[in-house]
Amino acid sequence: MQWLDIHFPEFTAVFGDSEGKEAMITLSSFQLLSMILELGEAKGLEAWKKEN
């Protein structure tokens, strides 16, 4: 959890259950917040849809 606090501090605020399906998909697809910001919202949603 320390890694998340340093590199992705918003994670626990965005995902109430840090071990939920969407949280795990996000971490496996985008290890850093900067990756999500760089690729944009559409790519994030695409990753979720692909895994569901």
Side-chain angles (χ1 to χ4, degrees):
M1 212 51 149
Q2 183 179 6
W3 183 91
L4 280 176
D5 292 339
I6 294 168
H7 297 285
F8 205 158
E10 298 85 355
F11 188 82
T12 54
V14 173
F15 299 100
D17 179 5
S18 62
E19 295 183 13
K21 186 174 183 177
E22 287 83 7
M24 293 293 106
I25 291 169
T26 301
L27 286 179
S28 67
S29 301
F30 313 101
Q31 292 76 36
L32 298 172
L33 176 60
S34 60
M35 293 173 75
I36 295 172
L37 296 174
E38 183 179 311
L39 294 173
E41 181 181 320
K43 289 290 184 184
L45 291 173
E46 186 179 304
W48 286 351
K49 288 179 183 179
K50 182 174 73 174
E51 295 293 328
N52 282 322

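Atoms CE and CG, from Met24 and Asp17 in turn, are 8.0 Å apart once rounded to the nearest 0.5 Å. A distance of 6.0 Å separates CG in Leu39 from CZ in Phe30, rounded to the nearest 0.5 Å. Between Glu46 atom CD and Glu41 atom CD the span is 12.5 Å, to the nearest 0.5 Å. Distance check: Leu4 CG to Glu10 CD gives 10.5 Å after rounding to the nearest 0.5 Å.
In this structure, the side chain of Ser29 does not engage the main chain of Thr26 through any donor-acceptor pair within 3.5 Å.
Note: Phe11 and Phe8 have perpendicular aromatic rings, judged against thresholds of 30 and 60 degrees for the angle between ring planes.
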